Number of protein chains: 2
Amino acid sequence: MNIGEAASASGVSAKMIRYYEKVGLVEAPARTDAGYRSYGSRDVHNLRFVRRARDLGFTVDEIRDLLGLWRDQGRRSADVKRMALDQIRLLEQKARHLQEMADTLKSLADCCTGDARPDCPIIAGLEAGQPLTSRRPNRRFGVTNERAVPPRR
Amino acid sequence: MNIGEAASASGVSAKMIRYYEKVGLVEAPARTDAGYRSYGSRDVHNLRFVRRARDLGFTVDEIRDLLGLWRDQGRRSADVKRMALDQIRLLEQKARHLQEMADTLKSLADCCTGDARPDCPIIAGLEAGQPLTSRRPNRRFGVTNERAVPPRR
DNA sequence: ATGCACCTTCCAAGTATGGTAAGGTCAAGT
DNA sequence: ACTTGACCTTACCATACTTGGAAGGTGCAT
């Protein structure tokens with residue numbers, strides 16, 4: 001199976017498969033004489049695992065850990081659960097922060113008539129006063145798995 | 001006023017002030033003979049505006065637009081409101097997506113005993129089935145204004 | 001044999017921010 | 001005058017993930 005087939009079978013783009021290989025997330029597969037990567041169903045399975053973990057917002061580093069646990073037949077489910085709970089906490093924190101930003105903006109927008117006149121409480125709100133967040137946002141606040149994937153053709 | 005003073009007065013780091021200048025978000029200020037940037041209170045006001053817009057999750061490009069509206073005395077508040085409403089929609093969409101990821105993970109974690117045994121529904125959930133999101137996440141899904149600012153000393 | 005789709009590697013961009021290095025400048029103290 | 005320390009300058013690197021492109025090789029069907 002060439003990289004293209006593996007890509008469509010796993011839902012991970014060929015580009016990303018090479019990238020995951022480079023950063024050591026997946027093993028380098030055998031090569032044909034011409035140097036083409038050759039994948040098996042097991043590789044596709046791995047890639048799907050990665051894909052799903054990315055979909056859940058795990059970073060590449062975390063997925064490395066998850067893969068380790070996946071392969072470790074003697075793993076303790078507690079270890080996996082801890083990672084999952086940490087991730088849930090982070091995700092919810094990020095979601096809350098975004099919602100707060102939206103709410104702040106909403107309260108400004110609610111006061112805005114939104115007509116042809118120049119008076120605008122939103123602009124005024126941006127102009128005046130203290131910074132809106134004094135809180136230090138958590139590192140890794142953003143959603144790191146921004147998959148700016150073009151629609152599949 | 002040197003860049004350091006402008007930074008602490010506006011809440012934008014010196015680093016970012018230079019960056020905003022480079023990308024054309026703020027005007028290049030006058031320089032002293034020694035080449036130091038020299039800021040006035042008006043510049044600080046501008047920078048504060050930028051800071052607040054960033055806090056609300058607007059991207060640099062969007063802030064460029066907002067600044068245009070800010071300076072435009074004949075602006076229609078409707079134009080500003082539309083940008084705000086768009087932003088609110090995006091923020092809420094991102095928040096929802098994050099929450100969905102958290103919920104999916106929660107449902108997996110809820111089934112996990114979290115003990116010393118290797119059986120783990122989370123791993124099993126990652127392993128099996130279809131990709132968790134088929135939806136193409138919106139470009140700019142992540143929170144772009146990750147201000148990973150070290151705690152102010 | 002030609003063309004087209006696919007593969008390869010390497011390099012770059014974009015986003016917003018921080019870090020570091022190497023050097024110039026300023027103001028205060030000696 | 002000289003030193004010191006804080007501040008400034010530019011330039012480049014790193015982060016995390018993903019895409020895009022260039023330049024060239026390969027495989028298969030017509």
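Chain letters run A, B, ... following the sequence lines, proteins first, then strands; residues in each count from 1. Given the structure is predicted, the values throughout are model-derived calculations rather than measurements.
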Do any N or O atoms of the protein come closer than 3.5 Å to N or O atoms of nucleotides 1-4 of chain C, and which pairs are they?
none

Using five pairs at each end of the helix from dA1(C)-dT30(D) to dT30(C)-dA1(D) to define an axis, what is the angle between those two axes, to 10°?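 Terminal axis comparison yields 30°.
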Upstream residue (5' side of DNA chain C) when Thr32(B) and Val60(B) are each assigned their closest nucleotide: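 Taking each residue's closest nucleotide, the earlier one in sequence belongs to Val60(B).
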In terms of side-chain heavy atoms of [X], which of [options] is nearest?
{"X": "Ser13(A)", "options": "dA16(C), dT19(D), dC17(D)", "answer": "dT19(D)"}
{"X": "Lys15(B)", "options": "dC12(D), dG20(D), dT9(D)", "answer": "dC12(D)"}
{"X": "Met16(B)", "options": "dT18(D), dT9(D), dA16(C)", "answer": "dA16(C)"}

Below 4.0 angstrom, N of the basic side chain to O of the carboxylate: do Arg51(B) and Asp55(B) qualify?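 Between Asp55(B) and Arg51(B) there is a salt bridge, with a charged N closer than 4.0 Å to a carboxylate O.
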Using the rule that two of Ile, Leu, Val, Met, Phe, Trp, Tyr join whenever any of their side-chain heavy atoms come within less than 4.5 Å, decide whether Leu47(B) and Leu69(B) are in one cluster.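 Yes: a chain of side-chain contacts under 4.5 Å links Leu47(B) to Leu69(B).
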Same cluster or not: are Tyr36(A) and Met16(A) linked, directly or through other Ile, Leu, Val, Met, Phe, Trp or Tyr residues, by side-chain heavy atoms under 4.5 angstrom apart?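 No, it is not one cluster - the side chains of Tyr36(A) and Met16(A) are not joined through contacts under 4.5 Å.
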Using only side-chain N and O atoms of [X], determine if any of them is under 4.0 Å from OP1 or OP2 of [N].
{"X": "Arg18(A)", "N": "dC11(C)", "result": "no"}
{"X": "Tyr20(A)", "N": "dC17(D)", "result": "no"}
{"X": "Arg54(B)", "N": "dT17(C)", "result": "yes"}

Non-hydrogen side-chain atoms of Arg31(A) and Arg37(A) separated by less than 4.5 Å: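 A side-chain contact under 4.5 Å exists here.
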Tell me, yes or no, whether the heavy-atom count around Glu27(A) atom CD, taken from other residues, nucleotides or ligands under 6.0 Å, exceeds 12.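 For Glu27(A), atom CD is not crowded (no more than 12 foreign heavy atoms under 6.0 Å).
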Main-chain N/O of [Y] paired to [X] side chain as donor or acceptor, under 3.5 Å:
{"X": "Arg75(A)", "Y": "Gly68(A)", "value": "no"}
{"X": "Asp110(B)", "Y": "Ser107(B)", "value": "no"}
{"X": "Ser77(A)", "Y": "Asp115(B)", "value": "yes"}
{"X": "Arg82(A)", "Y": "Gly114(B)", "value": "no"}
{"X": "Arg64(A)", "Y": "Val23(A)", "value": "yes"}
{"X": "Gln87(B)", "Y": "Leu105(A)", "value": "no"}

Whole angstroms only, please: what is the [atom1]-[atom2] distance between [X] and [N]?
{"X": "Glu5(A)", "N": "dC28(D)", "atom1": "CD", "atom2": "P", "result": "11 Å"}
{"X": "Tyr19(A)", "N": "dC7(C)", "atom1": "OH", "atom2": "P", "result": "21 Å"}
{"X": "Asn2(B)", "N": "dG5(D)", "atom1": "CG", "atom2": "P", "result": "20 Å"}
{"X": "Ile3(B)", "N": "dC26(C)", "atom1": "CD1", "atom2": "P", "result": "16 Å"}
{"X": "Asp61(B)", "N": "dG14(C)", "atom1": "CG", "atom2": "C1'", "result": "10 Å"}
{"X": "Met1(A)", "N": "dC6(C)", "atom1": "CE", "atom2": "P", "result": "16 Å"}
{"X": "Arg31(A)", "N": "dG25(D)", "atom1": "CZ", "atom2": "P", "result": "17 Å"}
{"X": "Ile17(A)", "N": "dT19(D)", "atom1": "CD1", "atom2": "P", "result": "11 Å"}

With under 30° as parallel and over 60° as perpendicular, where do the rings of His45(B) and Trp70(B) fit, or are they tilted in between?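 If you compare the ring of His45(B) with that of Trp70(B), the planes turn out perpendicular.
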Contact list for DNA chain D against residues 33-40 of chain B - heavy-atom distance below 4.0 Å: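 Within residues 33-40 of chain B, the residues near DNA chain D are Gly35(B), Tyr36(B), Arg37(B).
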